[in-house]
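First the structure, in the form of C-alpha cells, and then the observations on it.
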2 protein chains.
Amino acid sequence: MEKLVQKKLKFRGNEYPCCASLTMGIIGGKWKTVILYHLMDKTLRYNELRKEMPTVTERTLSLQLKALEEDGLIVRRVYTSKPPLKVDYSLTDFGKTLIPLIQSIADWGDLVAEKYSR
Amino acid sequence: MEKLVQKKLKFRGNEYPCCASLTMGIIGGKWKTVILYHLMDKTLRYNELRKEMPTVTERTLSLQLKALEEDGLIVRRVYTSKPPLKVDYSLTDFGKTLIPLIQSIADWGDLVAEKYSR
DNA sequence: CAGTATCCAGCTGGATACTG
DNA sequence: CAGTATCCAGCTGGATACTG
C-alpha cells in the first residue's frame, strides 16, 4: 500500500515536477527565448544582439547569456585578448535541438499578434 | 533618412519586442505551462489539478488559472451555487491552438530529463 | 469544494556609471 | 567592444489561516 509519487525530473541541480516545467526552467524568463530566437540561424556578436533587442539592458543581456552558456545552449567565443574585444555567441549542438521549439514559440506569437493587433 | 524601428507587438495591453517574447508573456512563469499541459487532453476540477501539481500552493494555482482565463486560454465552469462547489477548467478553442506547442515543450523537457538524469 | 486574505521573501530585471 | 558594479523596484510565488 504505497502512494503513487510522481517522479521528479532533474536538470543541473534543479528539480521540476513535470517535463513542461523543466523546459520552462531552462528557456523561461523575459529574454532567453528572444536571444535563442536571434541566434537560431546565425552567430551574433554582443552588440549585434543588443541591436536586435533594443529594450534589454546590458546587465540583463549579459546575465542571460551567461545562464544560457551555463546550461550548455550557447557558446561564447572570444577572439581578442585586448580591447576592443571581439566576442560572439552561437548555439551549441544541444542548443540546436531547441530550434523547432523556438520556431513554434515565435510562430504562435506571430499568429496571436496578427489576430489581435486590431 | 529614417531609422528602421522594429514594430512592437501587442496583446491585451502589453507590448512585446518580438514574437517569441509575446508567447512567453502569455505562457511564461513557473506554472502556466504545467496547467496547460494537464488540461491538454481533459477537463479537470480545481482539486484534480492540485493533485496533478502537488507542489503548487492554492493561492498561486488560483492566480495562474485566473490569468489564463483572462487571456482567453481556458474556461472556468461553475456547476453549483452553494458549497460544496463544483468548478472545472478546460481549454478554449484559442487555448487549443497551443496544444502542439505545449506538447513540444513537454517533449523537449522529457528528452533532456532522460539524457541528463544520470 | 474551491477558493480568498494577509503577509512576506527572493528573484528578475532595470538604471546608471564605470572599465580591461 | 563587451562587458562589470552597484543599487534598487516590482513582480512572482510561497506559507498559513480562514470562508461562502
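Values in this document were obtained by computation on a predicted structure and should not be read as measured data. Any value given below was found using the heavy atoms of this structure, including those in side chains, with hydrogens, waters and symmetry copies removed.
- Taking a 4.0 Å limit (strictly below) on heavy-atom distances, residues 73-88 of chain B reaches DNA chain D at B:Pro83, B:Leu85.
- Within 4.0 Å (heavy atoms only), B:Arg50 reaches no atom of the nucleic acid at all.
- By the side chain to side chain contact (heavy atoms under 4.5 Å, CB included) test, B:Lys42 pairs with B:Leu44, B:Glu52, sequence neighbours left out.
- In the helix from C:dC1-D:dG20 to C:dG20-D:dC1, the end axes, each obtained as the rotation axis mapping the C1' atoms of four pairs onto the next four within a five-pair block, lie 70° apart to the nearest 10 degrees.
- Close approach of DNA chain C to chain A, defined as any atom under 4.0 Å from a non-hydrogen atom of the protein, starts and stops at C:dG13 to C:dG20.
- Applying the ring-ring contact (aromatic ring centres under 6.0 Å, His included) rule to pairs touching residues 91-114 of chain B yields A:Phe94-B:Trp108, A:Trp108-B:Phe94, A:Tyr116-B:Phe94, sequence neighbours excluded.
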Please list, one pair per line, the donor and acceptor atoms closer than 3.5 Å that link side chains of residues 59-75 of chain A to other protein atoms, with sequence neighbours excluded.
unit_1  : atom_1 : unit_2  : atom_2 : d
A:Thr60 : OG1    : A:Thr57 : OG1    : 3.0
A:Asp71 : OD1    : A:Arg12 : NE     : 2.5

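- Sorted by residue number, the members of residues 64-71 of chain B with any non-hydrogen atom under 4.0 Å from DNA chain D read B:Gln64.
- Distance check: A:Leu98 CG to A:Leu91 CG gives 8.0 Å after rounding to the nearest 0.5 Å.
- In this view, A:Tyr46 satisfies the ring-ring contact (aromatic ring centres under 6.0 Å, His included) rule with no residue, not counting sequence neighbours.
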Could you tabulate the donor-acceptor pairs under 3.5 Å formed by side-chain atoms of residues 24-32 of chain A, not counting sequence neighbours?
none

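- For the side-chain hydrogen bond (donor to acceptor under 3.5 Å, both in side chains) test, residues two or more places apart in sequence or in another chain that qualify with B:Asp107 are B:Gln103.
- Listed by first then second residue, pairs satisfying side chain to side chain donor-acceptor pair (under 3.5 Å) with a partner in residues 83-92 of chain A read A:Arg76-A:Tyr89, A:Arg77-A:Ser90, A:Tyr79-A:Asp88, not counting sequence neighbours.
- Residues from residues 20-29 of chain B that place a heavy atom under 4.0 Å from any atom of DNA chain C: there are none.
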